[in-house]
Amino acid sequence: MNRYERILEIIFKNTEPHIQVYREPWKILISTILSQRARDDQTAKISEKLYKRYGTLEELKNADINELMETIRGIGFYRAKAKHIKDIAGILIDNYNGRVPDKREDLLKLPGVGSKTANIVLGVCYGKDYIAVDTHVHRVMNRIGIVKTRNPEETERALMEIIDRKYWKKINEYLVEFGKNICRPISPRCDICPVSEYCNYYREKIKRCS
Ligand code: SF4
């Protein structure tokens with residue numbers, strides 16, 4: 001186990017993992033799209049509303065776009081997301097017999113699906129080893145100093161180089177919660193952080209204050 005993996009182990013031990021509410025792959029995919037740049041409570045509320053109104057992929061495919069927009073209104077970028085969701089439902093039915101593809105290159109061709117969303121689907125639905133890097137994972141990894149990167153895509157690549165495969169799937173599950181509750185975007189709670197002794201950001205902060 002290298003130094004970075006030891007830090008991850010400490011975070012895993014001290015953090016409650018993020019729990020996936022849905023089991024059906026298409027709902028996991030659609031809810032992950034809804035979650036882009038949105039808060040968890042909003043995503044949960046709007047997802048529930050959406051699946052209550054549209055219980056199957058067919059219903060989503062045939063949805064009236066204005067009605068669909070109205071259903072998910074309240075979540076950021078709801079117009080674009082509604083369009084993506086309707087288009088994805090059509091593509092899954094027409095090209096994949098209603099199944100969510102299990103290949104990264106196929107997922108990335110779907111509208112509104114980027115690296116993070118594809119990796120979450122592959123990890124959660126198909127048990128594949130991928131690192132899903134969102135803004136929380138990106139921020140935490142850079143603050144600690146595990147990587148030095150400019151965006152989540154670079155972070156994903158850098159982590160794959162230095163972290164053993166067996167940790168990949170767990171990174172999103174735990175680091176997102178850790179980033180929301182402890183290593184918050186504003187006012188990180190360094191005073192109660194279990195990895196402060198390893199953290200570059202914390203070290204710099206102490207130096208500035210002394
Ligand atoms: S010490 Fe502070 S900045 Fe470093 S990981 Fe913990 S909460 Fe984040």
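It should be emphasised that the depicted structure is a prediction, and the values quoted were computed from it without experimental measurement. Atoms within a ligand are numbered from 1 in the order they appear, just like the ligands themselves.
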Colleague: Within 45° of the axis and under 6.0 Å from the centre of the six-membered ring of Tyr51, does NZ or CZ of Lys27 qualify?
Modeller: yes
Colleague: Do Tyr167 and Glu9 get their side chains close enough for a donor-acceptor pair, meaning under 3.5 Å?
Modeller: yes
Colleague: Counting backbone and side-chain atoms alike, does Cys183 have an N/O/S atom under 2.8 Å from atom 2 (Fe) of ligand 1?
Modeller: no
Colleague: Using a 4.0 Å cut-off to any heavy atom of Cys199, which atoms of ligand 1 qualify?
Modeller: 1 (S), 3 (S), 4 (Fe), 5 (S)
Colleague: Do any heavy atoms of Val140 fall under 4.0 Å from ligand 1?
Modeller: no
Colleague: Do the side chains of Arg53 and Glu67 get close enough for a salt bridge, i.e. N-O under 4.0 angstrom?
Modeller: yes
Colleague: Going by atom types only, do Thr32 and Thr117 share a side-chain donor-acceptor pair under 3.5 Å?
Modeller: no
Colleague: Under a 4.0 Å threshold between the charged nitrogen and the carboxylate oxygen, would Lys207 count as salt-bridged to Glu204?
Modeller: yes
Colleague: Note the single closest protein heavy atom to atom 2 (Fe) of ligand 1, along with its residue, its atom name and the distance in Å.
Modeller: Cys190 SG, 2.3 Å
Colleague: Could you tell me the residue and atom name of the protein heavy atom closest to atom 3 (S) of ligand 1, and the distance to it rounded to 0.1 Å?
Modeller: Tyr201 CD2, 3.3 Å
Colleague: Going by an N to O cut-off under 4.0 Å, is there a salt bridge joining Glu173 and Lys170?
Modeller: no
Colleague: Can you name the atoms of ligand 1, numbered from 1 with element, that are less than 4.0 Å from a heavy atom of Tyr202?
Modeller: 1 (S)
Colleague: What protein heavy atom sits nearest atom 6 (Fe) of ligand 1, and how far off is it?
Modeller: Cys193 SG, 2.3 Å
Colleague: How far is atom 5 (S) of ligand 1 from its nearest protein heavy atom, and which residue and atom is that?
Modeller: Ile144 CG1, 3.7 Å
Colleague: Hey, are Ser115 and Arg104 close enough side-chain-wise for a donor-acceptor pair under 3.5 Å?
Modeller: yes
Colleague: Enumerate the atoms of ligand 1 whose separation from the nearest heavy atom of Ser196 is less than 4.0 angstrom.
Modeller: 1 (S)
Colleague: At a 4.0 Å threshold, what atoms of ligand 1 neighbour a non-hydrogen atom of Arg143?
Modeller: 3 (S)
